[in-house]
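Every chain is numbered from 1 and lettered A, B, ... according to where its sequence line falls, protein lines coming before strand lines.
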Amino acid sequence: MENDFVKEITPKTEDFSQWYVDVILKAELADYSPVRGCMVIRPYGYALWENIQQLLDDRFKATGHKNAYFPLFIPESLLQKEAEHVEGFAPEVAWVTHGGNEKLAERLAVRPTSETIICNMYSKWIKSWRDLPVLINQWCNVVRWEKSTKPFLRTAEFLWQEGHTAHRTKEDAEEEALRMLEVYRDFVETDLALPVVTGEKSDNEKFAGASKTYTIEALMSDGRALQAGTSHNLGQHFAKAYDITFLDQDGQLKYVWQTSWGITTRLIGAIVMVHGDDRGLKIPPTIAPIQAVIVPIFGRQTELVLNKTNEIFTKLKTEVRIELDDRDEYTPGWKFNEWEMRGVPVRIEIGPKDIQKQQVVLVRRDTGEKFTVSEPELLSCLKTLLNEIQENMFDQAKRFMQENIREIDNFDEFKQVIDAKRGFIKTHWCGNPECEKFVKEQTGATLRCIPFSEQSTIGRCIVCDKESNIIAYFAKSY
RNA sequence: CGGGGCAUAGCGCAGUUUGGUAGCGCACAUGGUUUGGGACCAUGGGGUCGGGGGUUCGAAUCCCUCUGCCCCGACCA
């Protein structure tokens, strides 16, 4: 029955990648552009991003951050000051070499991230311990010359938010990095209904130039992991490279301690991959551009039905993000499929029979469940239902993730599970980067994180069999 | 960046093997009948066959080249 509904979409089980691209294109989240690796985010996809921005920005403000904007271009000399950082980003920097027809005296990097230019400014702005902390965020685009791209998950240009903070003490910076990771976790789980594992990255996987990188890792429904957000404790690496000093209370000149943290439009890809099904998108109500759609069933009483749907639409539109699909050129069945494909959480059907009984029909996108409510109860029912859908979507995804975290202490089994089922593999790791590398070479899985939640127990490294108290999650990832 | 595949109307495809001047379904436009899970009839519009170059009397078709997309690796949010 499922397959009969949305003919344009390749079934998930047949070809997950094709399914993913089909959904994005057909639901009009994005489209390919004439520029290699760059996509156009269409209004429906951008509305999702705007909702993400709004909800996150509120959280940033609530934790004391302010927005600012820094230049798109970064002089080459500036970019090169922090050695580890340059090395990390060098292969994917896009360069501006000419202004008009004139060759530039110094090449300009199109920002792949803004640490360097922001640090440059911070060194001017910060003089005293009284200037600290500096808590700035910017919403912008960045460019990374990627070799292989995929809509939302990896594009040459993408939209994101990058927070950059400077603190007086090491402890303050650590606290900030963890605070923002928690902001991300809360946002992603509560508002996007995407369950995540929180933890720390290994040295191999951490951000170029960071002391520590913290991450939230989500699991896509094909069993691959996706880094959904990161928060870095930058230590004093950048402060030293960019000379960001302040005079402390004790009269000593000191380097600041910094953090940076970001999430990107990649999250939209995660929403598609975690929640979507063979009918298309499923968008969590909290961020859905359209939370409910009214589909009138005209029968032979167009005017009667139109009056009623208009009346209800007007009543509801101040309370929920709702649309009235009163187009006459499509049949109700066509509209059902269309809105399901686009992931609208609730459909409200209103026809002559309903009007007679003073009721409406509600249909949930997450479960397909269909039921009637009396007209006076519609608003309260709808609100409750949206909350229920939000929770149900999270619970479903959470269950899937938990079912796909497998504790394994035997390397052959590790290999087999990564091949056959994917998902996260929870195991012991001795901390040696060589062992980590070995896993990657042998299985294709990378160390996603060292989770916070796990009690450290004594075990043996999955590779070298040395005694270890580090628990690590490995997975194939996007 | 390596290996493989694909590119013909908005979308999905046929035509390419064997060169002869482009077709089908859906979508779109107009009119009418319809409307509780992708309605039907009639009429109509839409193509530099991904770009460039070559072979030929003649190229969607053969050759070269470039670009984009998809899959698998390496690199990354």
Taking B/C70, B/G73, B/G36 as options, the one with an atom nearest any side-chain atom of A/Lys476 is B/G73

Salt bridge flag under 4.0 Å for residues A/Asp277 and A/Lys282 = yes

Looking at A/Thr372, A/Val373, A/Ile297, which hits side-chain contact (heavy atoms from CB on, under 4.5 Å) with A/Val361?
-> A/Thr372

Short side-chain N/O contact to B/G12 OP1/OP2 from A/Lys26, under 4.0 Å | no

Any strand, both distances under 3.5 Å, Watson-Crick or G-U wobble: B/G44 pairs with B/C28

Partner nucleotide, any strand, of B/U56 [Watson-Crick/G-U, under 3.5 Å] | none

Examine A/His65 together with A/Trp261 and report whether their ring centres are nearer than 6.0 Å.
-> yes

When the P atoms of B/G44 and B/G4 are considered, how many whole Å apart are they?
-> 48 Å

Remember a base hit wins even if backbone is also touched, and classify A/Pro296 as base, sugar-phosphate or nothing at under 4.0 Å, heavy atoms.
-> nothing

Sticking with atom P, work out how far B/C63 lies from B/U18, rounded to a whole angstrom.
-> 11 Å

Please state the C1' separation for the pair B/U8 and B/U48 - nearest whole angstrom.
-> 13 Å

When rounded to the nearest Å, what value does the distance between P atoms of B/G46 and B/G23 take?
-> 13 Å

In whole Å, what separates the P atom of B/U34 from that of B/A39?
-> 16 Å

Distance, rounded to the nearest Å, where A/Asp325 contributes CG and B/U35 contributes P | 18 Å

Inter-nucleotide C1' distance (B/G37, B/G51), Å rounded = 44 Å

Whole-angstrom distance between B/G50 and B/G10, as gauged at atom C1' | 16 Å

In the structure shown, which nucleotide is the Watson-Crick or G-U wobble counterpart of B/G37, with both distances under 3.5 Å?
-> none

Per atom distances to the A/Arg36 side chain, the nearest of B/G36, B/C76, B/C69 is B/C69

A/His85 vs A/Phe238 aromatic rings, parallel, tilted or perpendicular, using cut-offs 30° and 60°?
-> perpendicular

Could you check which of B/G36, B/C1, B/C70 has an atom nearest any side-chain atom of A/Val21?
-> B/C70

Looking only at B/C76, B/A74, B/U35, the nucleotide nearest the A/Lys147 side chain is B/A74

Please check the phosphate of B/C71 (OP1 and OP2 only) for any side-chain N or O of A/Lys150 closer than 4.0 Å.
-> yes

Is there any protein nitrogen or oxygen under 3.5 Å from a nitrogen or oxygen in nucleotides 41-47 of chain B, and what are the pairs?
none

Between A/Arg179 and A/Thr63, does any side-chain donor sit less than 3.5 Å from a side-chain acceptor?
-> no

Phosphate contact (B/G10 OP1 or OP2) by A/Tyr32 side-chain N/O below 4.0 Å = no

Is A/Arg300 near enough to B/U34 that one of its side-chain N or O atoms lies under 4.0 angstrom from OP1 or OP2?
-> yes

Just name whichever nucleotide pairs with B/G68, Watson-Crick or G-U, keeping both distances under 3.5 Å, else none.
-> B/C6

Among B/A74, B/G37, B/C28, which nucleotide sits nearest the side chain of A/Tyr330?
-> B/C28

Quick one: the side chain of A/Arg279 and the base of B/G38, do they pair up donor-acceptor inside 3.5 Å?
-> no

Has A/Arg342 got its NZ or CZ under 6.0 Å from the middle of the six-membered ring of A/Tyr44, at an angle within 45 degrees of the ring axis?
-> yes

Nucleotide opposite B/U16 in a Watson-Crick or G-U pair, distances under 3.5 Å | none

Under 4.0 Å: is that the gap between some side-chain N or O of A/Thr331 and OP1 or OP2 of B/A39?
-> yes

Mind listing the closest non-hydrogen atom pair of A/Ala475 and A/Ile418 along with its distance?
-> CA-CD1, 4.3 Å

When rounded to the nearest Å, what value does the distance between C1' atoms of B/A60 and B/C49 take?
-> 5 Å

Are A/Arg154 and A/Tyr478 in a cation-pi contact, defined as NZ or CZ under 6.0 Å from the six-membered ring centre and within 45° of the axis?
-> no

Are A/Arg347 and A/Glu349 within salt-bridge range, i.e. N to O under 4.0 Å?
-> yes

Does any nucleotide pair with B/G73 by Watson-Crick or G-U wobble geometry, both distances under 3.5 Å, and what is it?
-> B/C1

